[in-house]
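So the structure is just underneath, and the comments pick up after that.
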Amino acid sequence: HVKGVVDVPFNFTVLIENVNWRTKQIEVFWESTGAYVVPRDELGQKVVFTQTGPANQTVELESSLIGIFSLRFYTIDSNGRKIYINEEPEVQLIVRRENLQHNKMFTLVIIVLIGIALLFMGLELDILVVLATMKKPIGPAIGMFCQFVLMPVFSYFLGWAFLQTNFERLGLLILGCSPGGANSNFWTAMFYGDINLSCTMTFLSTVCSFGFTSLWVYFLGTPLVGKTIPIPYPQIALSLASFMIPLLLGVAIKYKWPKKAEYLKKISRPFFFLVLLILPTVACFTNSHFFYLCTWRHIVSGACLGFMGYIFGAGLAALLNQGRPQIIAISLETAIQNGGISLIVLSLTFPSPYSDMGILPVMTFFFCSTGPIMFVVYAVYLLGKKIKGLTEFKAVDQEEKYCPKV
């Protein structure tokens, strides 16, 4: 193996042995399967050995992209054809991510923004409705079944059908086993779904993930990598606390200062929209390698998982006679998972760049769940509401126009 850090020069040594010298020098060339791996030596991708020189030469190179690549060595015959020293790539090149401090700063900013958004969400909660939902938990039961039965099964079979490496399959599996994320609550508010049901399901799924996520990962994930996969229980507990504290704070403000709460509710949805816009933007910046390494396999597997979550969540809710706001909440809660758990598990299970490669199907999932495609759906939703409003207005005009005078 040759290991390096992205955008930092590193080197490897080429050694030749038992050479039958027919010429004064031998030229050995190297190439990489990574297009962004470039030489730093004056000779480029060529290494020159002489009879009187040393038997080993150091090659310096650099990669501007993280990933797992291969190095192949060859010579060139008199006809200009490549003669590979080994038919199969003989050296694995592993380029990992640099531990950048600004990534932690971005994470801190995102946590603060989500906390403020959840506080606004608490202003719209009705505790009596939440308690009534808990007493007759038909909606939460549908969501739990979709989230912890259907989604893990979908993610497992999609991983085996489309993905080629076990760390990518594990990333998609853990995502499918994760509880609902806060983004589902924000989108539920934007589409005027049942916010009380959405927040109730997020709370219940996060609590139940201590058992269900562990169970699925143990039975399906452990065989993929041949070792015990650590479940980040402290991070799940922290996620639950960071969800509940600002939410309850918003509820307290609503009951303590109802007039101020009504004023703040007017800016809640614009702020939700801002947060939903910032989240994928930051994700794109901190995971820019995604756009270079992503293949159709990652896109299909991640997109299918998201679409199946929406379709089966909404379909099952409609089949069990749930109202339109409840169908919206259950569909979004099923499809939009807490991706932070999968990222943490991957980082604990694999070193970089393996963990970064495992994120690829997770990233495609989010692009189809909370990223650009959701903004397109939201734009269509607003356009549909606008057209419906205009047609209803015209219908009233028609009635007034032909109404006989008395």
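Just the heavy atoms: all of them, side chains too, but no hydrogens, waters or symmetry mates, feed the values below.
- Side-chain contact check for T202 and E333: at least one donor-acceptor pair (N or O, by modelled atom type) lies under 3.5 Å.
- Nearest heavy-atom pair across T364 and G302 is OG1-CA, 3.4 Å.
- Of all non-hydrogen atoms in S70 and T33, the two that sit nearest each other are N-OG1, 2.9 Å.
- Residues I142 and Q322 are in side-chain contact: their nearest non-hydrogen atoms beyond the backbone lie under 4.5 Å apart.
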Report, one line per pair, each donor and acceptor closer than 3.5 Å where one atom sits in a side chain of residues 117-124; sequence neighbours left out.
unit_1 : atom_1 : unit_2 : atom_2 : d
E124   : OE1    : R269   : NH1    : 3.3
E124   : OE1    : R269   : NH2    : 3.4
E124   : OE2    : S268   : OG     : 2.9
E124   : OE2    : R269   : NH1    : 3.1

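- In this structure, L172 CG and L360 CG are separated by 11.5 Å, a value rounded to the nearest 0.5 Å.
- Around atom CZ of F212, no more than 12 heavy atoms belonging to other residues, nucleotides or ligands sit under 6.0 Å away.
- Rounding to the nearest 0.5 Å gives a distance of 8.0 Å between CZ of F154 and SG of C146.
- A donor atom on one side chain and an acceptor atom on the other are not found under 3.5 Å apart for Q25 and T50.
- Residues satisfying the side-chain hydrogen bond (donor to acceptor under 3.5 Å, both in side chains) test with D194, not counting sequence neighbours, are Q326.
- Judged purely by atom type and a 3.5 angstrom limit, N79 has no side-chain atom pairing as donor or acceptor with the backbone of R81.
- Put simply, the side chain of Q147 reaches to within 4.5 Å of the side chain of Q337, judged on heavy atoms.
- V217 is listed as a side-chain neighbour of I174, based on a closest heavy-atom distance under 4.5 Å.
- Shown here are the ring-ring contact (aromatic ring centres under 6.0 Å, His included) partners of Y310, two or more places apart in sequence or in another chain: there are none.
- Proximity of M374 to L276: side-chain heavy atoms (C-beta onward) are nowhere separated by under 4.5 Å.
- Note: F375 and F273 meet the aromatic proximity criterion, with ring centroids under 6.0 Å apart.
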Next on the checklist: Between L43 and V48, does the side chain to side chain contact (heavy atoms under 4.5 Å, CB included) criterion hold? Intermediate values first, please.
Outcome noted: CA-CA 9 Å; L43 295 178; V48 179; 3.9 Å; yes
Checklist entry - How far apart are the C-alpha atoms of L204 and M134, what are their side-chain angles, what is the distance that settles it, and do they pass the side chain to side chain contact (heavy atoms under 4.5 Å, CB included) test? => result CA-CA 10 Å; L204 292 175; M134 298 282 280; 4.0 Å; yes
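- For F69, there are no ring-ring contact (aromatic ring centres under 6.0 Å, His included) partners at least two apart in sequence or on another chain.
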Check: residues 242-258 side-chain donor-acceptor pairs under 3.5 Å, at least two apart:
unit_1 : atom_1 : unit_2 : atom_2 : d
S242   : OG     : L238   : O      : 3.1
S242   : OG     : S239   : O      : 2.9
K254   : NZ     : L125   : O      : 2.7

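- A donor and an acceptor atom, one from each side chain of S198 and N185, are located under 3.5 Å apart.
- By the side-chain hydrogen bond (donor to acceptor under 3.5 Å, both in side chains) test, R40 pairs with E62, sequence neighbours left out.
- Contact of the L61 side chain with the W30 side chain is registered, since non-hydrogen atoms from C-beta on lie closer than 4.5 Å.
- The side-chain hydrogen bond (donor to acceptor under 3.5 Å, both in side chains) check on Q57 picks up nothing, with sequence neighbours excluded.
- Residue pairs meeting the side-chain hydrogen bond (donor to acceptor under 3.5 Å, both in side chains) criterion with at least one member in residues 164-183, sequence neighbours excluded: T165-E168, N166-R169, E168-H298.
- Partners of Y156 according to the side-chain hydrogen bond (donor to acceptor under 3.5 Å, both in side chains) rule, which considers only residues two or more places apart in sequence or in another chain, are W160.
- Distance CG/L158 to CZ/F365: 11.0 Å, rounded to 0.5 Å.
- Side-chain atoms of T200 come within 3.5 Å of backbone N or O of N196 as a donor-acceptor pair.
- Between F10 and V2, some side-chain heavy-atom pair lies under the 4.5 Å cut-off.
- Two residues are said to be in side-chain contact when any heavy atoms from C-beta on lie closer than 4.5 Å; S205 and F148 meet this criterion.
- D41 contributes a side-chain N or O that, together with a main-chain N or O of E60, makes up a donor-acceptor pair within less than 3.5 Å.
- The salt bridge (Lys or Arg N to Asp or Glu O under 4.0 Å) check on K82 picks up E31, with sequence neighbours excluded.
- The CZ atom of F367 lies 10.0 Å from the CD1 atom of I299; values are rounded to the nearest 0.5 Å.
- A distance of 10.0 Å separates OG in S63 from OH in Y36, rounded to the nearest 0.5 Å.
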Item to check | Residues T13, V59; criterion side chain to side chain contact (heavy atoms under 4.5 Å, CB included); working and verdict | outcome: CA-CA 6 Å; T13 301; V59 176; over 6 Å; no
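- Residues G306 and A335 share a closest heavy-atom pair of O-CB, 3.7 Å.
- Taking the six-membered ring wherever Trp is involved, the centroid distance between the rings of Y378 and F191 falls below 6.0 Å.
- A distance-only check finds a donor-acceptor pair linking the side chain of S155 to the backbone of P152 [under 3.5 Å].
- Listed by chain and number, the residues in a salt bridge (Lys or Arg N to Asp or Glu O under 4.0 Å) with K46 are E27 (sequence neighbours excluded).
- Residues Y192 and Y381 are in side-chain contact: their nearest non-hydrogen atoms beyond the backbone lie under 4.5 Å apart.
- For K265, the salt bridge (Lys or Arg N to Asp or Glu O under 4.0 Å) test picks out E262, with sequence neighbours left out.
- Considering all non-hydrogen atoms of both residues, I330 and G139 come closest at CD1-O, 3.9 Å.
- Using modelled atom types, no side-chain atom of S184 and backbone atom of G180 make a donor-acceptor pair closer than 3.5 Å.
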